[in-house]
Amino acid sequence: MSSNNKSNLEAVIKGIQTNKILEVFNKYYHDEIVMYENGDSTNRIGKAANRKAEESFVNNAKIHEAKLLKTIIDGNNTAYEMYMDFTYGEHRIKKNQWAFQQWSNGLIIKEEFVEIKTPSTPEPSTNIKSNLESIIKGIQDNKILEVFDKFYHQDIIMYEKGDSTNRVGKAANRKSEESFVNNATIHEAKLLKLLVDGNNTAYEMYMDFTYGEHRIKKNQWAVQQWSNDLVIKEEFY
């Protein structure tokens, strides 16, 4: 693990904010960098391919605002949420976006972007890490409903890749969780990464399960916001 990850990440973020995207890309990204946009890495493998994508953005975009909302730093795994307001071609775009980084020798070797919707920030909480670990263990032990009942807020909102349809409030979300539990058999739920920073947490998990008659194997990020030791917002992609 490099001790420079925090300062290097701050430099990357400042580069975005000061229109020096290519300069920080050249300096802080690994030759074997792989980038994902909502899970898709098409044409984003290796530094040369990713520099072309960055050049295309720089040449076609005008950034009006790039406001840092949150950062999470945990060893070689980091993440930040940013509000972006920019014009691309003739289109004005305003969005919140999470970026997740994996570092190797002080350089970003993997970066994943996902667009999200964000409610207001909840008040501080205390027992978050242990509660999150209990949720993860509940998934692994097939006790999804038990941990949902115990660790999720009455006002919980859940998003699947930015969509919260039928996922607002505890009752609606419990119905969705019940549907999954009644139709799925989990074969493996392997924790890959865990990030904890105040009221903001995230984990990446490898999931192998059968849903109905379909066997599904995938890596999935889950991002949480907490209020009074309970998850009040959760996003999956």
CA sep, side-chain torsions, deciding dist, call: Tyr29, Glu111, side-chain hydrogen bond (donor to acceptor under 3.5 Å, both in side chains):
CA-CA 10 Å; Tyr29 284 73; Glu111 189 163 47; 2.8 Å; yes
Just do the side chain to side chain contact (heavy atoms under 4.5 Å, CB included) check on Met158 and Glu177 with the steps written out, would you?
CA-CA 11 Å; Met158 289 187 172; Glu177 297 299 300; 4.0 Å; yes
For Asn4 and Trp103, what are the C-alpha separation, side-chain angles and deciding distance, and is it a side chain to side chain contact (heavy atoms under 4.5 Å, CB included)?
CA-CA 10 Å; Asn4 298 323; Trp103 297 76; over 6 Å; no
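Distance check, rounded to the nearest 0.5 Å: CG of Asp149 to CZ of Arg174 gives 4.0 Å. If you take CE on Met84 and NZ on Lys94, they are separated by 13.0 Å, rounding to the nearest 0.5 Å. Note: His187 NE2 to Arg215 CZ = 3.5 Å, rounded to the nearest 0.5 Å. Taken from CG in Leu107 to CG in Asn8, the straight-line distance is 7.5 Å, to the nearest 0.5 Å. Rounding to the nearest 0.5 Å places NZ of Lys70 at 4.0 Å from CD of Gln225. Atom CE of residue Met82 and atom NZ of residue Lys95 lie 12.0 Å apart, to the nearest 0.5 angstrom.
Under the 4.5 Å side-chain heavy-atom criterion for Ile, Leu, Val, Met, Phe, Trp and Tyr, Ile136 and Tyr206 are members of distinct hydrophobic clusters. Cluster annotation: Tyr203 is not connected to Tyr80 through the hydrophobic network of ILVMFWY side chains, with a link wherever side-chain heavy atoms come within less than 4.5 Å. Linking Ile, Leu, Val, Met, Phe, Trp and Tyr whenever their side-chain heavy atoms come within less than 4.5 Å leaves Phe113 and Val34 in two separate clusters. Taken together through direct or relayed side-chain contacts under 4.5 Å among Ile, Leu, Val, Met, Phe, Trp and Tyr, Tyr36 and Phe236 form parts of separate hydrophobic clusters. Residues Ile45 and Ile109 do not share a hydrophobic cluster, defined by chaining ILVMFWY side chains whose heavy atoms lie under 4.5 Å apart.
Shown here for Val147 and Ser134, the closest heavy-atom pair between the two residues is CG1-O, 3.5 Å. Contact detail for Val231 and Ile156: the closest heavy-atom pair is O-CD1, 3.4 Å. Smallest separation of non-hydrogen atoms from Gly75 and Asn5: O-ND2, 3.1 Å. Smallest separation of non-hydrogen atoms from Leu230 and Lys150: CD2-O, 3.4 Å. Minimum interatomic distance between Lys193 and Leu191 (heavy atoms only, all atoms of both residues): O-CD1, 3.4 Å. Of all heavy-atom pairs between His153 and Ser227, the closest is CD2-O, 3.9 Å.
A donor-acceptor distance shorter than 3.5 angstrom exists from the side chain of Asn173 to the backbone of Arg167, with no hydrogens or angles considered. Between the side chain of Asn127 and the backbone N or O of Asp229, no donor-acceptor pair lies under 3.5 Å. A distance-only check finds no donor-acceptor pair linking the side chain of Asp85 to the backbone of Glu65 [under 3.5 Å].
For Tyr152 and Glu234, the side-chain atoms include at least one donor-acceptor pair closer than 3.5 Å.
Note that Lys170 lies in the cation-pi zone of Phe148, set by a 6.0 Å cut-off to the ring centre and a 45° limit from the axis. The side-chain tip of Lys110 does not point at the ring of Phe100 from less than 6.0 angstrom away and within 45° of straight on.
Of the charged side-chain nitrogens involved, none lies within less than 4.0 Å of a carboxylate oxygen, so that Lys14 and Glu10 do not count as a salt-bridged pair.
Looking at heavy atoms from C-beta onward, Glu235 lies out of side-chain contact with Trp221 at the 4.5 angstrom threshold. Using a 4.5 Å heavy-atom cutoff, the side chains of Val58 and Phe25 are not in contact. Using a 4.5 Å cut-off on side-chain heavy atoms (C-beta onward), Asp197 and Ile73 make no contact. For the pair Met35 and Ile108, the minimum side-chain heavy-atom distance is 4.5 Å or more. For the pair Val223/Tyr159, no side-chain contact is recorded, criterion being any heavy-atom separation below 4.5 Å from C-beta on. Here the side chains of Thr71 and Thr78 are not in contact, with every heavy-atom distance at 4.5 Å or above. Side chains of Ile72 and Trp98 form a contact here, defined as non-hydrogen atoms less than 4.5 Å apart.
Taking a 6.0 Å sphere around CG of Asn19, one finds it holds more than 12 heavy atoms contributed by other residues, nucleotides or ligands. Residue Lys47 qualifies as enclosed at atom NZ: its count of foreign heavy atoms under 6.0 Å is above 12.
Note: Phe209 and Phe180 have perpendicular aromatic rings, judged against thresholds of 30 and 60 degrees for the angle between ring planes.
Arg51 is linked by a salt bridge (charged side-chain N to carboxylate O under 4.0 Å, His left out) to Glu55, counting only residues two or more places apart in sequence or in another chain.
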